[in-house]
Asker: 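I have a structure I would like to understand better, so I am pasting it below and will then ask my questions one at a time.
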Amino acid sequence: MHARFEAPAGGSIDTEVAVVGGGPVGTLIARELALLGIDVTILEKLPEPDGISKASTLHARTAQTLDRRGLLEAVQPGWYAASRDTRQPVRFHFASIFELDLSRVVEEGPVLVGSPQAYAQEIFAADAVRLGGRLRRDAELVGLVEHDDHVRLHLRAASSVETTLTARWVVGADGARSAVRKLAGIRFLGDGPTVAALMGEVRLLEPAAAPSGWRRTPRGWTLLWVDPHGLSRVCTYDYRGPHPNRHSRPTLEELRGEVERIAGRPVPMDSPAWISRFSDASLQAEHYRKGRVFLAGDAAHVHFPAGGQGVNLGLQDAVNLGWKLAAEIRGWAPDGLLDTYHAERYPVAADVLRNVRAQVALMDPDPRTDALRELFARLMRIDEVNTHLSTMVTGVGVTYPVGARDDDRLAGRMVPSRPLKTADGRTTLAALLRDGRPLLLDLVGDSGLRAVAGPWADRVNIVTAVAGGDAWGAQALLVRPDGYAVWSARGDSGDTAALRATLTRWFGPETW
């Protein structure tokens, strides 16, 4: 463990943590660290925000996670889609087969949230700065050298001026082509591309005649979200093979030609705001941590954007890593805590990559796939199948191996937020986690449990509360800052020895 601001040999520390990448994942990690008083600097290579939002869908588990930081309402611009209530059916797709009802598996909060990533990342960045972090733009990472107690970063501005920055830790949240991952020598493993896809925002000249929505033909897919008064989002999926030159700049002519080829008729368009190319490459970093370097978001895992799962994975990476890294810097992290980041998040992303590969296969435009898609649509109407797929897409099935006893049914799971009454008034479990600290929630006024937890009061909030009914079927809960329980007491099974062992395992040795 490392004290803050201890200078490395021959130099000084510029920042405790350098987060490379100013997208939604990087800015949320920085916000998490700043919330806990950690000196953090965001390094973003763009001189100014580009306003591009390739992702805009937040699923239920991400919404629940953001609610535990008081950010859920903030990331929803008033002019965009509002949260959808869980009491109403929410139709969604698997492989563009719209037979899922996500609301069946969501017990808390909105099922879907509309939040353009360009909007969310500005919210996170502004909050990180408000809490004491720094945002440095026009700073492209071109070199990285790790030492025993620090990492030296070499940065280049658009003017070609180069500078250095020294950090105790580095988090790479700089996307699929991550410079951090490459410079740290972390391998990106998996399957290469087989699909060539384009996406852009353009003005449709005949919007009423455009093939709106999801359209599958034997030649591929077109996806058009038509705005007759402004820019429309246009996507194409070409299953004939990957882009011959993945890094070449796509043009309006290329996008227009692909739409025409797949749709079988001209679709006039002009005035592109931006156009990008992508693929179905399914890749994952071999390690999410190498020494003092961590990876999160697309720097750690990439896949075809089926169901909008990618940004959700990354935002949950951020909240999983933030409190653990802060604990290490603060000096109370138990041995191995930082390694639980890879242990917990790697399998979650691997599961998403598998379900996305299945979706890509089901979306094959070859007519020989028609019968399979028809069969799959019928299967999705079976409750058990609908529940299984909806749980995957929403992320509400995520659990972590926290080392609890076998009969602790809450441990490793996100604890649903419920109304509570405390000495300070009415609140919710989510609100009690907004300061980013662990929480011991005593629901029966057990002074013995509170006495056991007392030596951890410098890092764990200890709250006595009353919940309506049998809210969680528990007398007490120990909850991590990311909202996942690591211990619960129910009847005689929640002994004080188990609580003490769990506090030590997750939140370090007691303070005397």
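If you're wondering where the values come from, they're calculated on a predicted model, not measured in any experiment.
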Asker: How far apart are the C-alpha atoms of Tyr484 and Val398, what are their side-chain angles, what is the distance that settles it, and do they pass the side chain to side chain contact (heavy atoms under 4.5 Å, CB included) test?
Answerer: CA-CA 10 Å; Tyr484 289 81; Val398 170; 3.7 Å; yes
Asker: Can you see whether Ser232 engages Asp227 through a side-chain donor-acceptor pair at a distance of less than 3.5 angstrom?
Answerer: no
Asker: Report the distance from atom CG of Leu224 to atom SG of Cys235, rounding to the nearest 0.5 Å.
Answerer: 8.0 Å
Asker: Minimum heavy-atom separation for Val385 to Leu379, with atom names?
Answerer: CB-O, 3.2 Å
Asker: Compute whether any side-chain donor of one residue and acceptor of the other, for Thr399 and Arg413, lie under 3.5 angstrom apart.
Answerer: no
Asker: Determine yes or no for a side-chain-to-main-chain donor-acceptor pair under 3.5 angstrom, with Glu32 supplying the side chain and Gly322 the backbone.
Answerer: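 Side chain of Glu32 to backbone of Gly322: no pair is present.
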Asker: Between atom CZ of Arg505 and atom CG of Leu503, what is the distance when rounded to the nearest 0.5 Å?
Answerer: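 Spacing of CZ (Arg505) from CG (Leu503) equals 12.5 Å.
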Asker: In Å and rounded to the nearest 0.5 Å, what is the CD to CD distance from Glu16 to Glu328?
Answerer: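 So the gap between those two atoms works out to 10.5 Å.
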Asker: I want to check something: taking the side chain as every heavy atom from C-beta on, are Leu295 and Ser178 in contact at a cut-off of under 4.5 Å?
Answerer: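 Yes, close enough: below the 4.5 Å cut-off.
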Asker: Verify whether one side chain among Gln316 and Asn320 offers a donor that lies under 3.5 Å from an acceptor in the other.
Answerer: no
Asker: Check whether any side-chain N or O of Arg426 sits under 3.5 Å from a backbone N or O of Thr422 as a donor-acceptor pair, and report yes or no.
Answerer: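 A pair under 3.5 Å: no.
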Asker: Any luck finding a side-chain donor-acceptor pair between Thr340 and Arg345 under 3.5 Å?
Answerer: no
Asker: How about Arg134 and Thr41: does a side-chain donor come under 3.5 Å of a side-chain acceptor?
Answerer: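 There is such a pair between these side chains.
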Asker: Any donor-acceptor pair under 3.5 Å linking the side-chain atoms of Thr511 with those of Arg459?
Answerer: yes
Asker: Would you indicate whether the side-chain heavy atoms of Trp487 and Leu440 approach each other to under 4.5 Å?
Answerer: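 Answer yes - side chains close enough.
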Asker: Which pair of heavy atoms, one from Ala125 and one from Leu135, lies closest together, and at what distance?
Answerer: CB-CD2, 4.4 Å
Asker: So Leu477 and Val415, do their side chains get closer than 4.5 Å, heavy atoms only?
Answerer: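 A side-chain contact under 4.5 Å exists here.
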Asker: Go through it in stages, so that I can follow the logic: the residues are Leu420 and Leu441, the test is side chain to side chain contact (heavy atoms under 4.5 Å, CB included), and I'd like the CA-CA distance, side-chain angles, deciding distance and then a yes or no.
Answerer: CA-CA 10 Å; Leu420 296 166; Leu441 186 61; 3.9 Å; yes
Asker: Apply salt bridge (Lys or Arg N to Asp or Glu O under 4.0 Å) to Glu344 and list each qualifying residue two or more places apart in sequence or on a separate chain.
Answerer: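 Listed in chain order: Lys324, Arg480.
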Asker: Could you pull out all residues at least two apart from Asp424 that satisfy salt bridge (Lys or Arg N to Asp or Glu O under 4.0 Å)?
Answerer: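 Checked Asp424 against salt bridge (Lys or Arg N to Asp or Glu O under 4.0 Å); zero matches.
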Asker: If you measure only the distance, is there a donor-acceptor pair under 3.5 Å linking the side chains of Asp317 and His301?
Answerer: yes
Asker: Roughly how far apart are Asp280 CG and Asp191 CG, rounded to 0.5 Å?
Answerer: 8.5 Å
Asker: With a 6.0 Å cut-off on the ring centroids, do Tyr341 and Tyr346 count as close?
Answerer: no
Asker: Pick out which of Trp214, Phe92, Phe376 makes a ring-ring contact (aromatic ring centres under 6.0 Å, His included) with Phe98.
Answerer: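 Running ring-ring contact (aromatic ring centres under 6.0 Å, His included) over Trp214, Phe92, Phe376 with Phe98 returns exactly one hit, Trp214.
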Asker: CD1 of Ile329 to CG of Asp39: how many Å apart, nearest 0.5 Å?
Answerer: 9.0 Å
Asker: Can you name the one residue among Ile123, Val113, Leu58 that meets side-chain contact (heavy atoms from CB on, under 4.5 Å) with Gln76?
Answerer: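 Testing each of Ile123, Val113, Leu58 against Gln76, the sole residue satisfying side-chain contact (heavy atoms from CB on, under 4.5 Å) is Val113.
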Asker: For Asp383, is there an ion pair with Arg104 - N to carboxylate O distance below 4.0 angstrom?
Answerer: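 The answer is yes: the pair qualifies as a salt bridge.
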Asker: Considering all heavy atoms of both residues, which atom of Arg500 and which atom of Val452 are nearest to each other, and what is their separation?
Answerer: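 It is NH2-CG2, 3.8 Å.
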Asker: Does NE2 in His93 sit with more than 12 non-hydrogen atoms of other residues, nucleotides or ligands closer than 6.0 Å?
Answerer: yes
Asker: Do Thr65 and Leu72 come within less than 4.5 Å of each other through their side chains, counting heavy atoms only?
Answerer: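 They are not in side-chain contact.
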Asker: Judged by atom type as modelled, is there a donor-acceptor pair below 3.5 Å linking the side chain of Arg434 to the main-chain atoms of Asp67?
Answerer: yes
Asker: Within the structure provided, determine whether Phe94 and Met392 are in side-chain contact (heavy-atom separation under 4.5 Å).
Answerer: yes
Asker: Please check if the side chain of Asp446 supplies one atom and the backbone of Asp442 the other of a donor-acceptor pair under 3.5 Å.
Answerer: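 Looks like no, no N/O pair under 3.5 Å.
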Asker: Do the side chain of Ser115 and the main chain of Val75 share a donor and acceptor less than 3.5 angstrom apart?
Answerer: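 A pair under 3.5 Å: yes.
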Asker: Run the side chain to side chain contact (heavy atoms under 4.5 Å, CB included) check on Arg409 and Ser488 step by step: do they pass?
Answerer: CA-CA 8 Å; Arg409 63 182 183 83; Ser488 68; 5.9 Å; no
Asker: Could you give the distance from CD1 (Ile42) to CD (Gln121), rounded to the nearest 0.5 Å?
Answerer: 10.0 Å
Asker: Could you tell me whether a side-chain N or O of Gln64 sits under 3.5 Å from a main-chain N or O of Glu108, the two making a donor and an acceptor?
Answerer: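 Judged by distance alone, yes, a pair lies under 3.5 Å.
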Asker: Check Asp298 against Val302 and note the closest heavy-atom contact, atom names and distance.
Answerer: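 Looks like O-CG1, 3.3 Å.
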Asker: So Trp323 and Asp482, do their side chains get closer than 4.5 Å, heavy atoms only?
Answerer: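 Yes, side chains in contact.
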Asker: Check whether any side-chain heavy atom of His303 sits under 4.5 Å from a side-chain heavy atom of Val352, and report yes or no.
Answerer: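 Yes, side chains in contact.
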Asker: Asp435 vs Asn461, test: side chain to side chain contact (heavy atoms under 4.5 Å, CB included). Steps then yes/no.
Answerer: CA-CA 10 Å; Asp435 63 359; Asn461 292 336; 2.8 Å; yes
Asker: Taking the side chain as C-beta and beyond, is there a heavy-atom pair between Val17 and Val170 under 4.5 Å?
Answerer: no
Asker: Please say whether the positively charged group of Arg181, taken as NZ for Lys or CZ for Arg, lies over the ring of Phe188, i.e. under 6.0 angstrom from the six-membered ring centre and within 45 degrees of the axis.
Answerer: yes
Asker: Ignoring hydrogens, what is the shortest heavy-atom contact between Thr394 and Val105? Give both atom names and the distance.
Answerer: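 For Thr394 and Val105, the tightest heavy-atom pair comes out as OG1-CG2, 3.9 Å.
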Asker: Could you tell me which non-hydrogen atom of Ser53 sits nearest to which non-hydrogen atom of Pro116, and how far apart they are?
Answerer: OG-CB, 3.4 Å
Asker: Not counting sequence neighbours, which residues clear side chain to side chain donor-acceptor pair (under 3.5 Å) with Ser390? List them please.
Answerer: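 Residues passing side chain to side chain donor-acceptor pair (under 3.5 Å) with Ser390: Asn386.
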Asker: Tell me if a side-chain donor or acceptor on Asp127 pairs with a main-chain N or O of Arg31 at a distance below 3.5 Å.
Answerer: no
Asker: Name the orientation class of the two ring planes belonging to His287 and His342 (parallel below 30°, tilted from 30 to 60°, perpendicular beyond 60°).
Answerer: tilted
Asker: Does Trp221 use its side chain to pair, donor to acceptor, with the backbone of Met363 at less than 3.5 Å?
Answerer: yes
Asker: Report yes or no: does Arg437 contribute a side-chain atom to a donor-acceptor pair with the main-chain N or O of Asp458 at less than 3.5 Å?
Answerer: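 A pair under 3.5 Å: yes.
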Asker: Could you tell me whether the side chain of Glu44 and the main chain of Gly22 form a donor-acceptor pair under 3.5 Å?
Answerer: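 Present.
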Asker: Using the ring of each side chain (for Trp, its six-membered ring), is Tyr237 parallel, tilted or perpendicular to Phe304, with breaks at 30° and 60°?
Answerer: perpendicular
